[in-house]
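Sequence positions, counted from 1, serve as the residue numbers for this chain. Note that the structure is predicted; figures quoted are calculated from it, not measured.
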Amino acid sequence: MEQSLTQSRYRVEGMDCGGCAAKIATAVRRSPGVTEVAVSVASGTMVIHHSAESDLAMLEKRVTALGYGLERLAQDSPKPNLEDHDHSQCCGHGHGHDHDDGRVSANPEAGPAKSSPFRLSRKGVLTLSCGLALIAAYALGKAAPGAAPYAFLAALLVGLAPIAQRAFVAARQGTPFSIEMLMTVAAIGAFVIDAREEAAAVVFLFLVGEMLEGLAARRARASIQSLAALTPATAQRERGGVLTEVASASLRPGDVIVARPGDRISADGVILSGDSRINQAPVTGESLPVHKMAGARVFAGSLNGEGVLRVEVTAAAADNTIARVVKLVEEAQESKAPTERFIERFARIYTPAVVGVAALVAVVPPLVAGASWQEWIYKALAVLLIGCPCALVISTPAAIAASLAAGARRGLLLKGGAVLETLGRVNMACFDKTGTLTEGKPKVTDVIGFDRDESEVLALAAAVEATSNHPLAGAVLAEAQARGLRAPAAIAAAGLSGKGVSATVDGQNVFLGSARAAGERAVLTQEQAARITVLNAEGKTVSVLVIGAAAAGVLALRDEPRADAAAGVAALKRAGVRVAMLTGDNRRTAEAVGASLGVETHAELMPEDKQRIVRDLQKQGLVVAKIGDGVNDAPALAAADVGVAMGGGADVALEAADAAILHGRVGDVAALIALSQRTLRNIRQNVTIALGLKAAFLVTTLVGLTGLWPAILADTGATVIVTANALRLLRVNGDHT
């Protein structure tokens, strides 16, 4: 039976690794009425689906008791519980963190906190206090050796007390094998066996490691969140001819705003008047400014160049292009990739296994070989610290989050980590033609005069087409304007259905239409007919200009390939990807375009034919990406391993597609695949670093070369290294690996 659920979304502060997300998810999942929990370290968010009767105050207390801060992000929205989803929880073992950046906590007992520099945060104060206590203990130990045990005990308690408190809260809420618990057991055990200095030092190093992890996590989040800051806070709104400065968030569709030279445009909209070169790089990744005039669309956050623009707002602040990009990336970060889910399942087994190994290390050598209890308990405590899987768990989401952010800054949007992983395996790319490989609008490619000058032929054709709204008419007029030609005045213009258009120009009866219709009005010579046949063979639409009873010339039009189509196809082929074009257009036109780009062509297809071809290719063992406009190609996009919507600017059809290219560059398909492949390499590197360091330190610990200090570095150090390695993916324009 369908049950109505409510969705609540929170910003979680102080969450820096996979273990944090695991503890939060486990605690929240135990709350009555909660059916689904999705916690994302990368975006710092939590989304829960729960019954309307759920006690959110109690749920929020569970999270704040773990040491995190909460901020409610959105109003609840109904969500039907249509089916059960697999939301595997995280490893359940990770660092707890303080609420340290000044957000208002969702805990009703907590008052608002003011933002403070990182050095003054609770986490920073705790680390500094522990460090000073450790220095004082060393100094007191030198001055009065008899007081050293008590001094180091005090230094230990300064740092360990909050850690132990979080450990026991996490244990009560379902996460007994957290790093805080391992840390607490190891520190207390070390003190009991008289390794007092190391116990206090290890706690301090643990706190330093937490700070470093927090800094790395914040840098990763800041990359995508910085996009939101591109929209200016205020706008110049025009009403009744008067300009008023208002908050951009208050703008509504239908408002008119004015963007002056050098201003960032405050909202998505359509230019009413003015023309200017606009830098859209923050939104589409387009490197060069684009010249736009009345009727053109503009995006919030893009930079106006030299002209004054009056713009009609088409989307509220919450729905503008940048807001939707940020929301899409955050939602994508909340979804787990297959590799991430596998590692989390592995980590749930791995940590209890490490605890078991540590127990065996502590008791087996003394019982079996009569070895020293103190020596092997010490080694077992080091094994506990080495066993934390934080670096392993964060290895995949950190890389995926960085890649999603890097792609978004370049206008490459993906719906989640699973899509990002699949793209790296794509070896077949199927493109739509119109608006994808081609511009989507016809252009005049040839103007041929039979007994008149080319310019005259084009000017007369423009005169006849001046009142027509046919797409071919627009192409003729655009070409005449581009050549600086002035079309003479035409009268008595009339459209002849299926044939063409006629008018009287300078007292002459002028007709422009198909070759067949022109043949009814004038006799075409054998040479003229041959020219038309050649143009038709090239996939061009031919219009014949007839003046009186004589053919005066022809115009050939074709939807030409995008400027970067050939280079984009070549880039895919270099990457080992086969390229095909699936189109409903006529075979002659399609084959002409396909031949010019060097792609295999399938023409005259219905939507179901495109879907069938995609499935046939998949049966051959190919991983297929379908690239189209996301609307007419919806069946094929859905059937493909990855569907990519391209060529629609801000109106990308994300419902049918898995990914979208905001700027219609064919080359960006290869960029998406390259981004995925770099991400997969980065994940492999991260897993190798995480497991390699732990394996190395496990061996050196067991043979007696390293102790507790290196053990904690193997944990926090590996986490920092893995996160830093993932952050390299933020360099969107490089090919670094």
Side-chain angles (χ1 to χ4, degrees), residues 271 273-278 288-296 305-307 434-435 438-495 500-515 517-518 522 524 527-528 531-532 534-548 550-566 589 592-593 596 664:
I271 298 175
S273 63
D275 67 276
S276 180
R277 298 187 67 81
I278 298 175
L288 296 175
V290 179
H291 184 258
K292 295 195 175 187
M293 27 184 167
E306 67 278 1
T434 306
T438 65
E439 293 286 355
K441 53 187 178 182
K443 290 183 177 180
V444 174
T445 59
D446 302 87
V447 179
I448 301 172
F450 292 151
D451 58 358
R452 297 180 183 244
D453 183 79
E454 286 183 10
S455 296
E456 184 181 0
V457 169
L458 182 57
L460 288 171
V464 173
E465 295 280 27
T467 59
S468 174
N469 58 5
H470 193 280
L472 296 182
V476 172
L477 294 171
E479 182 67 16
Q481 183 179 17
R483 296 194 186 192
L485 300 178
R486 187 181 66 84
I491 58 174
V501 61
S502 66
T504 300
V505 182
D506 294 335
Q508 303 177 93
N509 185 26
V510 181
F511 170 81
L512 182 68
S514 66
L524 297 174
E527 181 183 356
Q528 292 169 348
R531 297 288 294 272
I532 293 172
V534 170
L535 292 171
N536 282 328
E538 293 172 351
K540 298 173 182 178
T541 299
V542 179
S543 294
V544 180
L545 183 74
V546 178
I547 301 176
V554 297
L555 285 80
L557 302 92
R558 189 171 68 181
D559 182 12
E560 289 292 271
R562 291 177 180 270
D564 76 320
T589 300
V593 173
S596 69

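When side chains are defined from C-beta on, Glu465 counts as touching Leu512, because their heavy atoms get closer than 4.5 Å. A heavy-atom distance below 4.5 Å is found between the side chains of Leu458 and Arg483. Considering only heavy atoms from C-beta on, Val554 comes within 4.5 Å of Ile532 through its side chain. Side-chain atoms of Ile271 and Lys292, non-hydrogen and from C-beta on, do get closer than 4.5 Å to each other.
Minimum interatomic distance between Leu557 and Ala475 (heavy atoms only, all atoms of both residues): CD2-CB, 3.5 Å. Leu545 approaches Val457 most closely through the heavy-atom pair CD2-O, 3.7 Å. Of all the heavy atoms in Ala551 and Asp451, the pair that sits closest is O-OD1, 4.1 Å. When every heavy atom of Ala459 is checked against every heavy atom of Ala487, the shortest pair comes out as O-CB, 3.8 Å. Nearest heavy atom pair, residue Val505 against residue Ala490, reads CG2-CB, 3.8 Å. Nearest heavy atoms, Asp506 versus Pro488: OD2-CB, 4.0 Å.
Put simply, the side chain of Arg558 gets close to the backbone of Glu538: a donor and an acceptor are under 3.5 Å apart. Without hydrogens or angle criteria, Ser276 side chain to Gly305 main chain gives a donor-acceptor distance under 3.5 Å. Judged purely by atom type and a 3.5 angstrom limit, Ser514 uses its side chain to pair as donor or acceptor with the backbone of Ala517. Side-chain N or O atoms of Ser502 include none that pairs as donor or acceptor with a backbone N or O of Phe511 at under 3.5 Å. A donor-acceptor contact shorter than 3.5 Å links the side chain of Thr445 to the backbone of Ala556.
In this structure, the separation between CD1 on Ile547 and CZ on Phe450 is 11.5 Å, given to the nearest 0.5 Å. Atoms CZ and CD1, on Arg531 and Ile448 in that order, are 4.0 Å from each other to the nearest 0.5 Å. Residue Leu485 holds its CG atom at 11.5 Å from CG of Leu477, rounded to the nearest 0.5 Å.
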Query raised in the report: After noting the C-alpha distance and the side-chain angles of Lys540 and Asp446, does the key distance pass the salt bridge (Lys or Arg N to Asp or Glu O under 4.0 Å) rule?
Result: CA-CA 9 Å; Lys540 298 173 182 178; Asp446 302 87; 2.7 Å; yes
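Residue Arg452 qualifies as enclosed at atom CZ: its count of foreign heavy atoms under 6.0 Å is above 12. For Gln508, the CD atom is densely surrounded, since the number of other residues' heavy atoms within 6.0 Å is greater than 12.
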